[in-house]
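Residue indices begin at 1 and follow the sequence shown. Indexing begins at 1, ligand by ligand and atom by atom, following the structure's order.
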Amino acid sequence: MLSQPPNLGRVAALVRQLLAELGEDPDREGLLKTPERVAKALAYLTQGYRQTPRDVLNGAVFESAANNMVIVRDIEVYSLCEHHLLPFYGRCHVGYIADGKVVGLSKIARIVDCYARRLQIQERLTEEIAHAIREITGAEGVGVVMSCAHLCMMMRGVEKQNALTVTSSVLGSFREDAGVRAEFMSLVR
Ligand code: ZN
């Protein structure tokens with residue numbers, strides 16, 4: 001079930017309270033419109049809760065006899081970690097081998113956004129993208145590799161500025177066939 005859009009006024013009131021709690025004066029000039037802006041930004045960054053992959057595809061699934069590996073590399077990903085509500089961002093590579101149906105290439109990036117614009121952990125985001133593409137296309141195999149920098153690690157905690165987290169999810173022939181998996185990994189490296 002899709003969730004309702006957040007009530008922006010209520011979210012703004014909470015942000016105002018948060019500012020005060022953090023020791024700020026929410027009435028100083030620079031912060032006057034901040035609660036409203038934060039509310040809008042958060043609504044935007046979590047719009048994935050109000051979308052399904054099928055909505056964002058908008059019917060762009062086509063019959064095709066081809067069953068070569070299709071790869072879309074370097075899709076930009078921006079998401080929010082569910083533990084700290086801080087951004088993580090990086091690149092995502094998606095590959096699949098079609099079984100009769102292919103999806104418009106630009107739509108792959110839309111599917112990524114649909115799941116990235118929620119509170120996430122990178123591992124689950126990677127899995128969800130792979131499963132959505134498999135379910136929509138009936139592909140015989142799907143692979144997703146993602147490498148991201150996490151601000152919650154970079155700005156606080158272990159403060160590892162250069163650490164990238166790499167996750168992958170392989171389904172179907174990408175999981176079962178070492179040759180297919182190796183081809184995919186070499187193409188996205
Ligand atoms: Zn985090």
Side-chain angles (χ1 to χ4, degrees), residues 1-26 30-31 33-53 55-56 72-95 107-135 142-171 174-175 184-185 188-189:
M1 241 230 336
L2 294 181
S3 66
Q4 293 298 308
N7 179 315
L8 293 178
R10 272 210 301 266
V11 177
L14 290 167
V15 174
R16 190 184 149 82
Q17 228 179 308
L18 178 65
L19 288 171
E21 201 60 47
L22 294 174
E24 264 293 355
D25 169 11
L31 292 179
K33 290 190 169 160
T34 296
E36 208 176 295
R37 290 192 198 101
V38 173
K40 281 187 192 157
L42 286 175
Y44 182 87
L45 297 175
T46 57
Q47 63 185 285
Y49 290 123
R50 295 170 291 284
Q51 296 171 337
T52 67
D55 298 336
V56 302
V72 185
R73 281 177 50 137
D74 292 318
I75 301 166
E76 287 179 42
V77 185
Y78 296 94
S79 190
L80 287 175
C81 96
E82 69 182 19
H83 300 136
H84 304 94
L85 301 191
L86 288 171
F88 65 93
Y89 64 95
R91 310 224 154 222
C92 173
H93 316 295
V94 174
K107 300 293 184 181
I108 301 254
R110 305 289 304 277
I111 293 172
V112 170
D113 283 343
C114 172
Y115 289 103
R117 288 173 180 163
R118 304 175 186 202
L119 305 186
Q120 280 289 7
I121 57 172
Q122 188 180 327
E123 294 87 335
R124 188 176 64 231
L125 175 57
T126 311
E127 293 271 323
E128 286 179 341
I129 295 164
H131 282 279
I133 290 167
R134 182 122 203 244
E135 195 196 303
V142 178
V144 177
V145 172
M146 195 180 294
S147 68
C148 289
H150 291 249
L151 290 192
C152 63
M153 284 172 70
M154 297 161 75
M155 298 174 72
R156 55 162 291 288
V158 289
E159 295 187 27
K160 288 276 177 277
Q161 265 76 28
N162 297 312
L164 282 180
T165 304
V166 181
T167 49
S168 71
S169 174
V170 285
L171 303 174
F174 282 56
R175 172 176 289 275
F184 171 62
M185 292 300 177
V188 301
R189 188 150 294 147

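Between E128 and R118 no salt bridge is recorded (no basic side-chain N to carboxylate O distance below 4.0 Å).
Minimum interatomic distance between T165 and M153 (heavy atoms only, all atoms of both residues): OG1-SD, 4.4 Å.
With the Zn ion (ligand 1) as the vertex, SG of C81 and SG of C152 span 120° to the nearest 10°.
Checked by atom type, the side-chain pair S79/Q120 shows no donor-acceptor distance below 3.5 Å.
The Zn ion (ligand 1) does not have H83 among its coordinating residues (no N/O/S atom, backbone or side chain, under 2.8 Å). Residue H150 does not count as close to the Zn ion (ligand 1), with no N, O or S atom under 2.8 Å.
Looking at H84, its N, O or S atom nearest to the Zn ion (ligand 1) turns out to be ND1.
At least one side-chain heavy atom of R117 sits under 4.5 Å from a side-chain heavy atom of Y44.
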